[in-house]
Amino acid sequence: MPMGHTATAEAGSGGLTATEHRLANGLRVVLSEDHLTPVAAVCLWYDVGSRHEVKGRTGLAHLFEHLMFQGSGQVKGNGHFELVQGAGGSLNGTTSFERTNYFETMPAHQLELALWLEADRMGSLLTALDDESMENQRDVVKNERRQRYDNVPYGTAFEKLTALSYPEGHPYHHTPIGSMADLDAATLEDARNFFRTYYAPNNAVLSVVGDIDPEQTLAWIEKYFGSIPGHDGKQPPRDGSLPERIGEELREVVEEEVPARALMAAYRLPEDGTRACDAADLALTVLGGGESSRLYNRLVRRDRSAVAAGFGLLRLAGAPSLGWLDVKTSHDVEVPVIEAAVDEELARFADEGPTPEEMERAQAQLEREWLDRLGTVAGRADELCRYAVLFGDPQLALTAVGRVLDVTADEVREVAKARLRPDNRAVLVYEPVTPEDGAEADGTAEQAAQEEEAAK
């Protein structure tokens with residue numbers, strides 16, 4: 001069946017453009033020409049992440065990210081990596097709460113290979129998925145959990161704060177890594193059903209950016225992806241909406257073998273894609289975005305009570321975003337001293353708002369980060385997929401910075417006053433213990449440290 005062209009308008013910034021197309025099977029395609037360098041980036045986002053998982057089967061989305069590199073109908077074993085790297089390209093995949101993505105950056109003349117590889121595993125992975133690959137990657141993911149979460153200082157923070165911030169039963173209550181028990185419980189049939197449900201062309205967006213011939217690229221996409229059937233069995237993710245504020249301070253003290261005391265906190269902030277979220281991003285940039293920020297100047301430079309202080313935004317589209325505070329104390333400084341200083345700075349900011357100089361610096365910082373992402377073919381391909389999957393319009397990626405630059409200082413102050421307050425945060429306090437006082441370390445730590453993140 002013919003390929004449908006749904007949009008070809010030149011929307012963008014700095015001369016960047018993108019065209020949109022859709023295959024008969026539902027696959028959305030976004031192309032962006034850039035002949036500055038002879039490379040091309042292929043990015044494929046599937047609309048599935050940990051928020052789509054159910055209780056007792058957490059970690060499946062991330063496990064499947066690994067399984068996608070274990071061979072497909074015409075590519076055996078580690079062949080996906082071998083073919084891409086042998087052609088001079090690079091590749092990887094990642095999983096988040098809201099999506100799973102796969103990407104390659106190739107010499108331009110090897111673009112067809114990358115498209116064929118992605119199509120082959122989308123269309124034929126089930127023919128290669130067996131008990132051996134399932135067990136292999138289950139062990140890899142469990143070792144990744146040990147290496148990144150269980151056996152590193154402060155490694156439990158993300159999981160603990162997420163669980164505190166989102167109530168039990170909420171689709172964002174658990175992190176993409178999943179639990180050891182659920183990883184052990186996952187069956188081969190679970191994986192096969194997961195693939196059938198979510199790894200369909202009508203649940204994906206494919207972007208290709210770089211030194212490409214659009215007509216030829218579309219012909220290859222139609223050739224390799226066009227015959228893959230769609231799937232209509234996907235259920236929408238559970239509702240992730242919550243009240244604007246938590247309504248109380250939630251707190252947990254963690255006694256572990258860590259090098260220093262730490263204060264971490266997550267504040268409930270507006271959903272991604274809103275003007276209020278952009279205002280919150282600017283507020284956190286002024287307060288904790290780098291060494292010129294208020295908290296860094298106060299805690300590290302002036303008081304010397306901390307060795308590190310940062311405040312950043314975890315943008316989420318299907319649930320409230322999180323403002324992520326992370327402070328590591330200096331010497332024997334107690335956490336209440338740090339917390340009092342943080343609250344003092346947040347209260348002052350909520351009352352006064354940012355200065356004109358701080359607004360200019362924060363907007364310039366976010367603009368530079370946006371330019372950095374769109375300045376590479378891989379970064380632009382990822383952003384185009386992101387806006388297509390999460391917000392329905394890839395063109396928004398090319399104009400995102402304009403919306404940030406349009407936010408006023410009053411809006412920044414208002415969101416800080418409404419959200420950056422003690423009754424709207426989950427707090428994690430790390431208190432160091434000696435090996436004799438704490439539980440013995442997991443004996444698998446040394447083994448896990450030797451494992452590669454992806455066994456790819």
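All values reported here derive from a predicted model rather than from experimental measurement.
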Practice problem: Any chance you could lay out the salt bridge (charged side-chain N to carboxylate O under 4.0 Å, His left out) test for E383 and R386, step after step, and finish with the verdict? | Solution: CA-CA 5 Å; E383 288 293 293; R386 172 176 172 250; 3.5 Å; yes
Self-check item: Derivation and outcome, side chain to side chain contact (heavy atoms under 4.5 Å, CB included), residues M68 and Y46
Solution: CA-CA 12 Å; M68 285 283 278; Y46 290 93; 4.2 Å; yes
Quiz item: Going by the angle between their ring planes, with limits at 30° and 60°, are Y172 and H170 parallel, tilted or perpendicular?
Solution: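 Ring orientation of Y172 relative to H170: tilted.
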Contact between [X] and [Y] at the side-chain level, heavy atoms closer than 4.5 Å - yes or no?
X: I177; Y: H62; result: yes
X: L263; Y: T329; result: no
X: R261; Y: I338; result: no
X: D281; Y: R315; result: yes
X: M122; Y: L44; result: yes
X: L117; Y: L83; result: yes
X: L242; Y: P167; result: yes
X: R403; Y: L396; result: yes

Would you name the heavy atoms of [X] and [Y] that are closest together and state the gap between them?
X: M106; Y: A114; value: CG-CB, 3.8 Å
X: A350; Y: R413; value: O-CG, 3.2 Å
X: L384; Y: A18; value: CD2-CB, 4.0 Å
X: R238; Y: G169; value: NH1-O, 2.7 Å
X: L67; Y: A191; value: CD1-CB, 4.2 Å
X: T58; Y: E53; value: CA-OE1, 3.4 Å

Quiz item: Should we count CD of E249 as having more than 12 external heavy atoms under 6.0 Å?
Solution: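 More than 12 heavy atoms, drawn from other residues, nucleotides or ligands, come within 6.0 Å of this atom.
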Exercise. Would you indicate whether E352, at its atom CD, is surrounded by more than 12 heavy atoms from other residues, nucleotides or ligands within a distance under 6.0 Å?
Key: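 Yes, because the 6.0 Å sphere around CD of E352 holds more than 12 heavy atoms from other groups.
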Practice problem: Mind running side chain to side chain contact (heavy atoms under 4.5 Å, CB included) on Y154 and D326 for me, showing each step along the way? | Solution: CA-CA 11 Å; Y154 315 107; D326 186 350; over 6 Å; no
Within the distance-only criterion (no hydrogens, no angle test), does the side chain of [X] pair as donor or acceptor with the backbone N or O of [Y] below 3.5 angstrom?
X: N101; Y: T94; answer: yes
X: H231; Y: N202; answer: no
X: W370; Y: A397; answer: yes
X: R192; Y: L129; answer: yes
X: D423; Y: I246; answer: no
X: T285; Y: A362; answer: no
X: Q363; Y: V404; answer: yes
X: S321; Y: P270; answer: yes
X: K234; Y: A200; answer: no
X: E345; Y: L287; answer: no

Self-check item: Trace of the side chain to side chain contact (heavy atoms under 4.5 Å, CB included) decision for F69 with V140
Solution: CA-CA 12 Å; F69 290 96; V140 169; over 6 Å; no
Rounded to the nearest 0.5 Å, how far does [atom2] of [Y] lie from [atom1] of [X]?
X: D272; Y: L313; atom1: CG; atom2: CG; result: 7.5 Å
X: D190; Y: T187; atom1: CG; atom2: OG1; result: 3.0 Å
X: D332; Y: S305; atom1: CG; atom2: OG; result: 13.0 Å
X: E367; Y: L371; atom1: CD; atom2: CG; result: 5.5 Å
X: L269; Y: E244; atom1: CG; atom2: CD; result: 10.5 Å
X: R51; Y: Y166; atom1: CZ; atom2: OH; result: 11.5 Å

Donor + acceptor pair across side chains of [X], [Y] (<3.5 Å):
X: E65; Y: T95; value: yes
X: T408; Y: D410; value: no
X: Q70; Y: E132; value: no
X: R196; Y: N193; value: yes
X: S133; Y: D130; value: yes
X: T274; Y: E271; value: no

Quiz item: Yes or no on salt bridge (charged side-chain N to carboxylate O under 4.0 Å, His left out) for R28 and D47, after CA distance, side-chain angles and deciding distance?
Solution: CA-CA 12 Å; R28 296 182 66 186; D47 186 9; over 6 Å; no
Quiz prompt | Contacts of E291 that satisfy side chain to side chain contact (heavy atoms under 4.5 Å, CB included) - sequence neighbours left out | solution =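 Side chain to side chain contact (heavy atoms under 4.5 Å, CB included) list for E291, sorted by chain: Y296, R301.
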Self-check item: side chain to side chain contact (heavy atoms under 4.5 Å, CB included) partners for A41, two or more places apart
Solution: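 Side chain to side chain contact (heavy atoms under 4.5 Å, CB included) list for A41, sorted by chain: T105, V377, A378, A381.
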Practice problem: Evaluate the criterion side chain to side chain donor-acceptor pair (under 3.5 Å) for residue pair R294 and N297; output intermediate values, then yes/no. | Solution: CA-CA 5 Å; R294 288 195 182 193; N297 277 320; over 6 Å; no
Quiz prompt | Pairs satisfying ring pair (Phe, Tyr, Trp, His ring centres under 6.0 Å), at least one member in residues 302-326, at least two apart | solution =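 Output for this query lists F158-W324, Y267-F311.
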Quiz prompt | Pairwise ring pair (Phe, Tyr, Trp, His ring centres under 6.0 Å) hits with a residue in residues 385-410, at least two apart | solution =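 Checked against ring pair (Phe, Tyr, Trp, His ring centres under 6.0 Å) - neighbours excluded - the pairs reaching residues 385-410 are Y387-F391.
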Self-check item: Residue among R138, R145, K142, R57 satisfying salt bridge (charged side-chain N to carboxylate O under 4.0 Å, His left out) with D184
Solution: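 So the option named by the test is K142.
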Quiz item: How about F64 and Y198: are their ring centres within less than 6.0 Å of each other?
Solution: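 No, the ring centres sit 6.0 Å or more apart.
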Exercise. Using the side chain to side chain contact (heavy atoms under 4.5 Å, CB included) rule, take R373 and D382 through it: C-alpha gap first, then chi angles, then the decisive distance, then the call.
Key: CA-CA 9 Å; R373 291 193 297 274; D382 193 60; over 6 Å; no
Quiz item: Which residue pairs satisfy the salt bridge (Lys or Arg N to Asp or Glu O under 4.0 Å) criterion with at least one member in residues 95-105, sequence neighbours excluded?
Solution: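 Counting only pairs at least two positions apart or across chains, the salt bridge (Lys or Arg N to Asp or Glu O under 4.0 Å) contacts touching residues 95-105 are E104-R121.
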Self-check item: Pairs where residues 160-182 contributes a residue and the test salt bridge (Lys or Arg N to Asp or Glu O under 4.0 Å) is met, not counting sequence neighbours
Solution: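 Only K160-E252 qualify under salt bridge (Lys or Arg N to Asp or Glu O under 4.0 Å).
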